[in-house]
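Here is the structure we will look at, set down as structure tokens.
Per chain, numbering begins at 1; letters A, B, ... match sequence-line order.
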2 protein chains.
Amino acid sequence: MDIRTVAHAAGVSVATVSRVINKVPSVDPALAKKVWESIQKLGYVPNTQARALVSGRSKLLGVIISDITNPFFPELIQGFEDKAVEVGYETLIGSTNYDLQRMEQCVQRMLERKVEGVAVMTFGIEEPLLDRLASQGIPMVFIDLAPKKKGISTIRVDYQKGIHEAVQHLAVLGHRRLAFISGPDRLHSAVARLQAFRSAVDEIGLRVPESYIFHGDHTVEGGERGVDHLLALSKPPTAIMCSNDMTAIGAMHALSRAGLSIPKDISLIGFDDIRISEYMLPPLTTIRMSGRDIAASAVTALLDTSTPPRDVETKLVVRQTTSVPAGTLADLRKKSGKARSR
Amino acid sequence: MDIRTVAHAAGVSVATVSRVINKVPSVDPALAKKVWESIQKLGYVPNTQARALVSGRSKLLGVIISDITNPFFPELIQGFEDKAVEVGYETLIGSTNYDLQRMEQCVQRMLERKVEGVAVMTFGIEEPLLDRLASQGIPMVFIDLAPKKKGISTIRVDYQKGIHEAVQHLAVLGHRRLAFISGPDRLHSAVARLQAFRSAVDEIGLRVPESYIFHGDHTVEGGERGVDHLLALSKPPTAIMCSNDMTAIGAMHALSRAGLSIPKDISLIGFDDIRISEYMLPPLTTIRMSGRDIAASAVTALLDTSTPPRDVETKLVVRQTTSVPAGTLADLRKKSGKARSR
DNA sequence: ATGAAAGCGCTAACAA
DNA sequence: TTGTTAGCGCTTTCAT
């Protein structure tokens, strides 16, 4: 069952069938109709491999992510896939699991399948792997960090804005002891978030002791460990910002395990605004960065290497994990003589 | 840069290069070494499309899921992919978004890419689509529901066990008014869960009024609506079981919005045990069904059509969203004269 | 053990 | 507008 079968059934040449399938305008509508009918009747499905082989176009786009289990990535993938399908492409997903060897496998697979572009949405990539991609002239797109090579574009995320808003928000509430649970250092976007935090804090004249910066790993476990560390300090922070929502969720868990209530005893802010955050109890205040936007930008960038992708913004979404610091409340209580506020 | 280039560089024929790549044992080790060196030096990558075209084997397995945004599915995909890579296959993911048209597109894509098997991990599939797959002799695997055709296998999930345990657990705590927020009716696995609930409840001689059965849709929103409905009843339930964890999470949210505390005022049990459930506040009591197990089973079933896949079990994981019903507590309080228990 | 050559199913250049 | 035909890069007989 191939294109010849259809050609024969419709009484035309294979070239005509090919033209019909590819919607080449020059074909006689009557003939086209006949061909479509044969296709329908025979249940013919063109063989993508053959098409790709001869045309040199795989119609395949790769995305490399680190951990499909972090809800941020499915959202991103969904956005990527939606956009890709929209422009007639398919998506090859590679999940590295933060493992270098798997990353290598991913790249190899992408190469073998002759993808027409790959979006690297993970902690950097080894130089040699990158070169292999680059040497095949495959367009690439990165988040934040962009090795300066042609064919490589970067989606810049304005971490500053959202993080600045968050720090302001905390400062206005009266917090002076702000901590930060960061992501893995090798992950550029994590480093950028930490930097943004540092500069935002600087700006309002606050000093953050190094012990208030905990190096996590963007997992719930990292968040838990971060809180354990922070709580063990002689003077714990009154507010914690996290490098991503998964970390914040882990933090909530550890905080609650420690018998602390959020936001009464301690304020918490996440980053990403994954869908589940809104449904945490209490709903998580976080900084929104749209995975879908990033993904859509990525697809566009891969297909049109000439126009640089537009930046992605971040912004604070205030929900219910932030309030005035415990001390303030205690003072208020004493002053007003009420046993319980609220 | 193709197989000929390598052949030339190594001073052998293309056939030999092909044999080396495919590890055909008959090749002279010395020659093989030379070929590998050339491959290395040239950075040659075999073209999958060409290989697939000539060999008729795409080394591609498809998974169709309904909603990549529901954390259960990424976990499943991860399991599928891990297993697939292990046996030398790649994964083509199709997300239908509960949309029939997208389901059709998915099937079409799978057909075009000549997948060697597809796992349908979503609410059924339209008969004609199934026939298209079947007519190409593509092995399929389903969860629960198995259209009786050859080449189609089924992974049976023992919903009974876990749900039975859950109902028992609730009954032992003293709950008599059990409600259920189900999933979409067209989704067979959802219907099976509801049935298991009904039979488990029957077994302990409880009667569940129809108003206690809310038809949700496996999303957080569905869970919220379910709770809204249940709370509006003149005699609301004291415990709610949900057809999946996302529903339970939505329910937690709505309950908390209504000012009810979990599990003091109402007990809640989910289904799936997605990773985030453990991190909810309070941690969600739920019924575990391993997506990874299902996925691994699915891959095995697709590659070996003769051996039927083994069943997947479910089991209750007690965390902190269940306790004695509010009434009981109130009685206890009165009797003991304490203002607050705990 | 190795090589020569015939396609796999399709597209695209060229001819008619 | 339609048809003929030469490959795309590879695997796999069939010879050697």
Distance-only donor-acceptor check, side chains [X] and [Y], under 3.5 Å:
X	Y	result
A:T307	A:D304	yes
A:E104	A:Q108	no
A:R57	A:Y89	yes
B:Q49	A:R113	no

[X] [atom1] - [N] [atom2] separation (whole Å):
X	N	atom1	atom2	result
A:N22	D:dT2	CG	P	15 Å
B:L53	C:dC10	CG	P	9 Å
B:L42	D:dG9	CG	C1'	16 Å
A:L31	D:dT1	CG	C1'	9 Å
B:K59	D:dC10	NZ	P	17 Å
B:R19	D:dT11	CZ	C1'	10 Å

Please determine, for the side chain of [X], which listed nucleotide ([options]) has the closest atom?
X	options	result
A:V54	C:dT11, C:dT2, D:dG3	C:dT11
A:D28	D:dT1, C:dA4, C:dC10	D:dT1
B:P46	C:dA1, D:dC10, C:dC10	D:dC10
B:R51	D:dG3, C:dG9, D:dC10	D:dC10
A:N47	C:dG9, D:dC10, C:dT2	C:dG9
B:R4	D:dC10, C:dT2, C:dT11	D:dC10
A:A15	C:dA1, D:dT2, C:dA12	C:dA12

- Is any side-chain heavy atom of A:I294 less than 4.5 Å from a side-chain heavy atom of A:M121? yes
- Sugar-phosphate only, base, or nothing, as touched by A:T16 at under 4.0 Å among non-hydrogen atoms: sugar-phosphate
- Output yes when at least one side-chain N/O atom of B:S13 is less than 4.0 Å from OP1 or OP2 of C:dT2, else no. no
- Task: Examine D:dT11: is either OP1 or OP2 under 4.0 Å from a nitrogen or oxygen in the side chain of B:S55? Give yes or no.
- Result: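 The answer is no; no side-chain N or O of B:S55 sits under 4.0 Å from OP1 or OP2.
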- Query: Do A:E37 and A:K33 meet the salt-bridge criterion of a basic N to acidic O distance under 4.0 Å?
  - Reply: yes
- Item | First of A:V14 and B:I21 reached from the 5' end of DNA chain D, by closest nucleotide |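 With A:V14 and B:I21 compared, the 5'-side residue is A:V14.
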- What residues 85-92 of chain A contributes to the DNA chain D interface at heavy-atom separation below 4.0 Å is none
